[in-house]
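Below is one structure; the comments refer to it alone.
Within every chain, numbering begins at 1; the chains are lettered A, B, ... in the order of the sequence lines, protein sequences first and strands thereafter. FYI, side chains are in, hydrogens and waters are out, and symmetry mates aren't considered; it's all heavy atoms of this structure. Remember, it's a predicted structure, so these values are computed and weren't measured experimentally.
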Amino acid sequence: MNTKRTEIANALTGTGINSKIIVKGWIRNSRGNNYVLFVAMNDGSSLHNLQVVVDVEKFDDSTRKKLSVGSAISVEGILQKSEGKGQDFEVIAENIEILGTADPNEYPLQPKRHSLEFLREIGHLRFRTNTFGAITRIRHSMIYAIHTFFTEKGFYNIHTPIITGSDCEGAGEMFRLSTLDPTNIPKKEDGSIDYSQDFFGKETNLTVSGQLNVELACMAMSKVYTFGPTFRAENSNTTRHLAEFWMIEPEVAFNTIIENMDLAEEFLKYLISYALEHCMTDLSFLQDRLKQEEKGKPADQQTMPLIDKLNFILDNSFERLSYTEAITILENSKPNKKGKFKYPINGFGTDLQSEHERFLVEKHFKKPVILTDYPKEIKAFYMKLNDDNKTVAAMDVLFPQIGEIIGGSEREYDYAKLQQRIEEAGIPMKDMWWYLDTRKYGSVPHAGFGLGFERLMLFVTGMTNIRDVIPFPRYPKNAEF
RNA sequence: UCCUCAGUAGCUCAGUUGGUUAGAGCAUCUGACUGUUAAUCAGAGGGUCCCUGGUUCGAGUCCAGGCUGAGGAGCCA
């Protein structure tokens, strides 16, 4: 006899029909009468539940009582065509083993819609909901697609360090990392902290970006990418920021900003088409969920259905324009002339606010936009200085609703110019010697970008809060679970 | 960090100008029903009204401070 567990996703397609199978999983819903019980179970392999039909007479009272929402069970029975209308197949239970009970008086999940805020509070259990099951499966598919995309293009994955001794990655506030006793910190004679006694013998932090390290690998391997966790200790309380998030950073030798843009656009379109191809069931569920949520809203606030929105990205080329051109458009725009912008446009040098980005993407071009050649003052030191001496070869990919999804640039590869930019940025030269060495020995043009993985997940799933697209969100005042 | 809004049963929420014993739906428990689809029907139990202080004869309701959450802004990915 077959004693192997059948995954519910397989059972739902009728694999093993009319024969005995064993399924294991968690009860999502249980209902019935004195004679027959219908138990919906889920094992994570599919959005859909498998219906187990329980002939009450065949089971004792104590087993039946334990068939409550949240309990884990193993069911042995015949898989057959369902007599009911809601599903194609069902299992007629012959044997039920209770693997783990869940006291219905305490189990917090009900077979009904819960608010996302409530589910965040029970983050340890939220995987057991349809929504988070769908998000989890899509997230995995996106991770797989990312590695597949780069592998097919001949990239090498580089594990860049999570602990960094460099405090000049320049992307935000860092989390300090130390094994020193905080109640008894060793001090030097001048009163400053004596890091020579710390674990690494120097000041260390959690990385805010793998870019500088991945550039080192790029200067030998040509096409590389890093995909890892990054940490920002900014006190950001928004639906788009996390203290711990995952970032994909490709870096390509001999590429200019043009090829960098091409790569970014191709990459995003690949991932979105991968999701449409492999995650349709979960995407449809999330689309319907979103529709439900928007039901009460006025028509003009309702967004395009999720799947249409994803297809729309595939069907349109991203609009590419320079920062300077964008400023001109914004200056002449209706909201600017009518004083509708909270931050008015003041010519070249104005840093673009989210309201401006949103105007360009959602109102003016109505498609994704790549902005290039920003004023050097508002961008990072490693970006290549353009011939005008005013702008740098930066590129930001802006998406509807979420704003900046990718930030990248061609890198400054001229030794002297880079040195000068480091100086202007006020970064101590002695900390950057290894990075400067890449420009000293065999320097070549190269370019790369960073894609915030959870921002991508926001777009693909249509979720609106970034805390719901990462399994264990970390944000100010919260490191629970 | 700033602005706005919110916190009442396990969940989602109602609670009138400050007034007796704080309500509903769902969930839970008990019962009814031979195939349910968030099953249905009947009944029952369930409350630190976020916390601290204040005003008042009297506070879920008013005031102050704090905590927590949501949305927006800044920082960015």
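For A/D288, the side-chain contact (heavy atoms from CB on, under 4.5 Å) test picks out A/K291, with sequence neighbours left out. In this view, A/A264 and A/M395, A/V397, A/I406, A/F449 satisfy the side-chain contact (heavy atoms from CB on, under 4.5 Å) rule, not counting sequence neighbours. Legend: residues meeting ring-ring contact (aromatic ring centres under 6.0 Å, His included) with A/F312, ordered by chain and number and at least two apart, are absent. Applying the salt bridge (Lys or Arg N to Asp or Glu O under 4.0 Å) test to A/E355 and every residue at least two apart in sequence or in another chain returns nothing.
Side-chain nitrogen and oxygen atoms of A/R240 include none within less than 4.0 Å of the OP1 or OP2 phosphate oxygen of B/G72. Between A/N235 and B/U1 there is a side-chain N or O to OP1 or OP2 distance below 4.0 Å. The shortest distance between the side-chain N/O atoms of A/N465 and the OP1/OP2 oxygens of B/G71 is below 4.0 Å.
Taking the charged nitrogens against the carboxylate oxygens, A/K390 and A/E377 have no contact shorter than 4.0 Å, which rules out a salt bridge.
Atom C1' of nucleotide B/G35 and atom CG of A/N33 are separated by 8 Å, given to the nearest angstrom. As a whole-Å value, the separation of A/Q353 CD from B/G72 P is 16 Å. Between A/K66 atom NZ and B/C29 atom C1' there is a gap of 18 Å when expressed in whole angstrom units. Straight-line distance from the CZ atom of A/F175 to the C1' atom of B/C76: 14 Å, rounded to whole Å. Atom pair A/D396:CG and B/C75:C1' shows a separation of 14 Å (rounding to whole Å applied). Whole-Å rounding puts the A/D351 CG to B/C75 C1' distance at 10 Å. A/R289 has its CZ atom 15 Å from the C1' atom of B/A38, to the nearest Å. In this entry the distance linking CZ of A/F89 with C1' of B/U36 reads 19 Å, nearest Å.
Base engagement by A/N237 is indicated by at least one non-hydrogen atom pair under 4.0 Å involving a base atom. Across all strands, A/E90 comes closer than 4.0 Å to base atoms (heavy-atom distances). Nucleic acid contact for A/K342: sugar-phosphate only, since backbone atoms but no base atoms lie under 4.0 Å from a heavy atom of the residue. At a threshold of 4.0 angstrom between heavy atoms, the contacts of A/I402 with the nucleic acid are absent. Across all strands shown, A/Y343 has heavy atoms under 4.0 Å from sugar-phosphate atoms exclusively, and none from any base. If you check every strand for non-hydrogen atoms under 4.0 Å, A/G84 touches a base. When heavy atoms are screened at a 4.0 angstrom cut-off, A/T239 is found touching the sugar-phosphate backbone but no base atom. Residue A/L242 is in base contact, counting any heavy-atom pair closer than 4.0 Å across all strands shown. Using a 4.0 Å heavy-atom cutoff across all strands shown, A/R358 reaches sugar-phosphate atoms only and no base atom.
Of all nucleotides present, only B/C3 satisfies the Watson-Crick or G-U wobble test against B/G71, with each distance under 3.5 Å. Base-pair partner of B/C62: B/G54 (Watson-Crick or G-U wobble, both distances under 3.5 Å). In this structure B/C41 sits in a base pair with B/G31, meeting the Watson-Crick or G-U test at under 3.5 Å. In this entry B/U12 has B/A24 as its Watson-Crick or G-U wobble partner, both defining distances falling under 3.5 Å.
With no hydrogens or angles considered, a side-chain donor-acceptor pair links A/E259 and A/T256 at under 3.5 Å. Side-chain N/O atoms of A/S333 and A/N336 include no donor and acceptor closer than 3.5 Å.
Minimum heavy-atom separation, A/D373 to A/A393: OD1-CA, 3.9 Å.
Taking the P atoms as reference points, B/G74 lies 24 Å from B/U68, given to the whole Å. If you take atom C1' in B/G71 and the same atom in B/U28, they sit 33 Å apart, rounded to whole Å. Rounded to a whole angstrom, the distance from the C1' atom of B/A38 to that of B/C26 is 9 Å. Nucleotides B/C76 and B/A70 are separated by 23 Å at their P atoms, to the nearest Å. Using P as the reference atom, B/U8 and B/U16 are 16 Å apart when rounded to the nearest Å. Taking the C1' atoms as reference points, B/G58 lies 11 Å from B/U20, given to the whole Å.
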The contact string for nucleotides 8-13 of chain B, one letter per nucleotide 5' to 3', using protein heavy atoms under 4.0 Å with B, S and - for base, sugar-phosphate only and none, comes out as --BBS-
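Centroid-to-centroid, the aromatic rings of A/F150 and A/F267 come within less than 6.0 Å.
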Pairs under 3.5 angstrom only: tabulate donor-acceptor contacts from the side chains of residues 337-349 of chain A to other protein residues two or more places apart or in another chain.
none

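Counting only heavy atoms from C-beta on, A/E83 has its side chain closest to B/G35 among B/G35, B/G74, B/C75. Among the nucleotides B/U68, B/G74, B/U36, the one closest to the side chain of A/R31 is B/U36. Here B/U68 is the nucleotide among B/C75, B/U68, B/C33 with the atom lying nearest to any side-chain atom of A/K477.
If A/Q87 and A/L352 are placed on RNA chain B by their nearest nucleotide, the residue sitting closer to the 5' end is A/Q87. Toward the 5' end of RNA chain B, the nearer of the two residues A/F453 and A/S82, judged by each one's closest nucleotide, is A/S82.
For B/C75, the base has a donor-acceptor partner in the side chain of A/S236 [N/O atoms by modelled type, under 3.5 angstrom].
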